[in-house]
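Taking it in order: structure first as structure tokens, then the write-up.
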Amino acid sequence: MAQASVGLSFYLFDFAYTGLSVLLIAVFSLITASSNDLFGLLRSPSLLFAGVISYSSYLLHGLMLTISFRWLYPHWGPVIALAAVFVEVFIVSALTFVKIEAPFMQLAHNRPRARASRDGKAVALSAAGGVNGRGTNSPSG
């Protein structure tokens, strides 16, 4: 049902924002958002990895499209330019995730926690209305 709704949306309409097209895509979104894995398709390792690098892909795809269509499109055409962008975005996104995002995420998960006494003082200060009792932590003046 989910795949059929997206397939019909692409097959029947030239423009993605017609009322029925949006409704068909919404059916797909609701089915997948309600924890349906589409018969295990959404649990495949390749799609899970694509989800992991999706933020890098989001950040890089505009730059890669611009570069590819500036250099490849005039000589090779749109199909080759889009295919090249797809491969480039995947490779660069995977590299940026592995070399940049993952190490910082690891640092965030391994950082030492604040001491309980300091946390207790911060909670007590915020409950008392701040340092000077007037709801702010700025010095009175």
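This is a predicted model, so every value here is computed, not measured.
Under the 4.5 Å side-chain heavy-atom criterion for grouping Ile, Leu, Val, Met, Phe, Trp and Tyr, Leu60 is connected to Leu65 within one hydrophobic cluster. The cluster map of Ile, Leu, Val, Met, Phe, Trp and Tyr, joined by side-chain heavy atoms under 4.5 Å apart, puts Val89 and Val98 in different clusters.
Interatomic distance, Asn36 CG to Leu30 CG, rounded to the nearest 0.5 Å: 11.5 Å. Atom-to-atom distance recorded for Leu95:CG and Ile53:CD1 is 9.5 Å, nearest 0.5 angstrom. Between atom CE of residue Met105 and atom CG of residue Asn110 there is a gap of 11.5 Å, rounded to the nearest 0.5 Å. Once rounded to the nearest 0.5 Å, the distance linking OG of Ser29 with CD1 of Ile31 reads 9.5 Å.
Distance alone, capped at 3.5 Å, places no donor-acceptor pair between the Ser93 side chain and the Phe90 backbone. Within the 3.5 Å criterion, the main-chain N or O of Met64 finds no donor-acceptor partner in the side chain of Ser68.
Closest of all the heavy-atom pairs between Ala84 and Leu72 is CB-CD1, 3.5 Å. The two residues Phe69 and Tyr73 make their nearest non-hydrogen contact at O-CB, 3.2 Å. Nearest heavy atoms, Ile100 versus Phe104: O-CD1, 3.1 Å.
Within a 6.0 Å radius of CZ in Phe49, more than 12 heavy atoms belonging to other residues, nucleotides or ligands are found.
Among residues two or more places apart in sequence or in another chain, the ring-ring contact (aromatic ring centres under 6.0 Å, His included) test is passed with Tyr55 by none.
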